[in-house]
Amino acid sequence: MRFTKIAAIAALALSSGAMAQQTVKIGFITSYSGLNGNLGPYMERAVRLYLKQHEKELGGVRVELLTRDDTGPNPDKARQLAQELVVRDKVNLLAGVIFTPNAMSIAPIATEAKVPFVIMNAGTAVITTRSPYIVRTSFTLWQSSYPLGQWAAKKYKTAYTLVSDFGPGWDSEDGFSKAFSDGGGKVLAKVRVPLQNPDWAAYMQRVKDARPDVLMVFIPAGKTATAVMKNFSELGLDKAGIKLIGPGDITTDEELPNMGDVALGVLTVHHYSAAATRPANKAFVEAWKKEYGQNETPNFVAVGAYDGAAIIVDAIHALKGNMDPDKLMAFFKTWKNPNSPRGPISIDPETRDIIQPEYLREVKRVNGQLANVELETLSAAEKDPWKEFQKKK
Ligand code: PHB
């Protein structure tokens with residue numbers, strides 16, 4: 001009797017001790033400096049907010065974020081950070097990453113070390129094919145640019161494309177051009193501009209001279225979006241009757257206050273707008289303001305990370321803290337959330353990419369502030385079109 005009681009107490013102490021001790025380590029790589037260094041904090045804040053809101057679901061498992069700055073588009077730095085996090089810090093998961101080249105250089109490490117890698121932004125379609133240990137909770141550029149091209153072909157005859165010269169820019173150009181020309185439109189020119197500090201005035205002058213009905217632009221979100229807007233208007237493209245369109249990166253929510261009225265009327269296609277009136281989004285935006293300040297607003301980077309944290313928390317809950325990489329990947333492939341701030345989303349088990357709605361939006365003034373107002377849902381459940389076309393080949 002006595003013995004069993006002691007044994008029972010010891011067993012209890014052991015199990016609760018084991019519970020309290022379990023820590024899931026996430027190697028979190030994002031951009032806190034360099035080009036678009038303002039985006040990293042959106043990613044980190046979103047993950048921390050989700051973890052705080054859902055702490056109870058973790059069943060006593062502690063989640064530790066090991067945050068690292070990849071300094072912008074810098075694949076060598078990203079590779080080195082991922083290697084250290086895997087080898088020295090023994091992380092259970094890798095996560096984050098704003099930029100495509102960085103995600104590409106981390107992919108082989110995820111494969112070799114069998115460490116699942118949750119991509120929360122980088123949007124070039126091919127990335128997820130580079131490792132079976134990648135799942136992506138953000139978007140692909142084809143997902144926004146292809147429906148944009150389909151929609152534009154019904155309204156306009158000629159287009160000109162201007163994109164940053166790297167993976168997501170090439171995808172945006174390809175996706176838009178294919179849909180626009182398949183829909184009967186004519187692409188007058190496809191121009192690629194350097195990722196860092198392009199001479200926007202010179203490019204905009206060439207667009208003006210070509211006189212397209214629409215100019216389709218992709219640039220990585222952040223300050224570059226405001227530079228595009230300013231040059232578009234300063235060179236008088238709006239007055240020349242040219243319509244500016246693009247994936248939502250060009251009207252990213254956090255830059256709207258810096259853009260001013262030149263952004264009014266710009267039409268974009270994207271999966272997330274902070275101004276969306278879905279209850280799940282209103283709750284998300286409200287929680288964000290409560291946590292980080294009334295003048296702060298989440299953006300599409302934040303929602304990719306918020307849902308990225310959700311997939312991780314749900315996995316820890318479902319697997320009771322068992323971080324076996326193959327079990328994690330199997331779980332990720334079944335994941336869905338009918339109630340994300342962006343609407344119903346799920347992971348495509350075949351590609352490990354997100355399936356999500358795509359909305360047509362217009363920049364309007366709402367309560368005195370510029371907002372991406374959702375006009376219509378162009379696709380309720382868009383799979384990455386690039387991968388759909390690859391399957392047919
Ligand atoms: C990317 O590098 O994949 C990327 C960066 C910024 C964006 C979109 C995609 O706004």
Side-chain angles (χ1 to χ4, degrees), residues 29-43 46 70-79 95-107 117-130 134 136-146 148 162-176 192-196 198 216-229 245-256 259 266 268-274 298-305 308 342 353-354 356 358 361 372 384 386:
I29 301 172
T30 191
S31 304
Y32 298 101
S33 63
L35 181 74
N36 295 349
N38 67 317
L39 294 179
Y42 282 95
M43 212 178 235
D70 61 20
T71 73
N74 186 345
D76 293 336
K77 178 81 179 171
R79 182 187 304 110
V97 188
I98 302 288
F99 288 102
T100 288
N102 301 14
M104 296 290 265
S105 75
I106 296 172
F117 176 21
V118 181
I119 295 184
M120 297 176 172
N121 190 70
T124 302
V126 76
I127 296 172
T128 44
T129 69
R130 293 298 172 91
I134 288 177
R136 174 159 48 194
T137 58
S138 48
F139 56 86
T140 74
L141 266 305
W142 271 83
Q143 253 176 341
S144 48
S145 304
Y146 187 77
L148 175 69
L162 208 54
V163 301
S164 290
D165 193 7
F166 76 132
W170 307 331
D171 275 11
S172 182
E173 177 192 280
D174 287 350
F176 174 82
R192 298 175 175 184
V193 311
L195 179 55
Q196 314 254 10
M216 196 291 301
V217 177
F218 167 81
I219 40 78
K223 302 281 164 210
T224 324
T226 299
V228 167
M229 250 2 120
I245 62 171
D249 309 67
I250 66 166
T251 58
T252 182
D253 290 316
E254 82 284 3
E255 280 298 315
L256 289 179
M259 290 178 183
V266 174
T268 56
V269 174
H270 224 208
H271 55 278
Y272 182 69
S273 161
N299 58 8
F300 72 88
V301 174
V303 90
R342 55 184 131 171
D353 250 324
I354 193 162
Q356 62 188 340
E358 289 292 337
R361 310 104 44 85
N372 286 298
D384 173 34
W386 181 76

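All ligand and atom numbering here is 1-based and tracks the order in the structure. Note that the coordinates shown come from a computational prediction; the quantities given were computed from them, not determined experimentally.
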Should Thr124 and Leu141 count as side-chain neighbours, where that means a heavy-atom distance under 4.5 Å?
no
Rounded to the nearest 0.5 Å, what separation is found between the CD1 atom of Ile354 and the OG1 atom of Thr140?
10.5 Å
Which label fits His270 and Phe139: parallel for a plane angle under 30°, tilted from 30 to 60°, or perpendicular past 60°?
tilted
Can you report which non-hydrogen protein atom sits closest to atom 6 (C) of ligand 1, along with the distance?
Pro220 CB, 3.4 Å
Just to confirm my output: which protein heavy-atom neighbour is closest to atom 2 (O) of ligand 1, and how far is it?
Thr100 N, 2.7 Å
Pairs of nitrogen or oxygen atoms closer than 3.5 Å, one from Pro101 and one from ligand 1: do any exist?
no
I want to know if ligand 1 touches Asn121 in the polar sense, i.e. an N/O pair below 3.5 angstrom.
no
Below 30° counts as parallel, above 60° as perpendicular, anything between as tilted: where do the rings of Phe166 and Phe218 land?
tilted
Which of the ligand 1 atoms, numbered from 1, are nearer than 4.0 Å to a heavy atom of Phe218:
8 (C)
The atoms of ligand 1 lying under 4.0 Å from a heavy atom of Phe300, numbered in the order shown, are 10 (O)
Side chains of Asn102 and Ile29 in contact at under 4.5 Å (non-hydrogen atoms):
no
Test item: Phe99 and Ser31 side chains (from C-beta on) under 4.5 Å apart, heavy atoms:
yes
Got an N/O contact under 3.5 Å between Phe166 and ligand 1?
no
As an exercise, identify every atom of ligand 1 less than 4.0 angstrom from a heavy atom of Phe99.
1 (C), 2 (O)
The option among Ile98, Asn102, Leu195 carrying the non-hydrogen atom nearest to atom 5 (C) of ligand 1 is Ile98
Just jot down the ligand 1 atoms closer than 4.0 angstrom to any heavy atom of Gly123, in number order.
1 (C), 3 (O)
Indicate, as side chain, backbone, both or neither, the part of Asp249 found under 4.0 angstrom from ligand 1 when only non-hydrogen atoms are considered.
side chain
Does Glu358 use its side chain to pair, donor to acceptor, with the backbone of Tyr146 at less than 3.5 Å?
no
Tell me whether Arg130 contacts the main-chain N or O of Ile106 through its side chain, where contact means a donor paired with an acceptor under 3.5 Å.
no
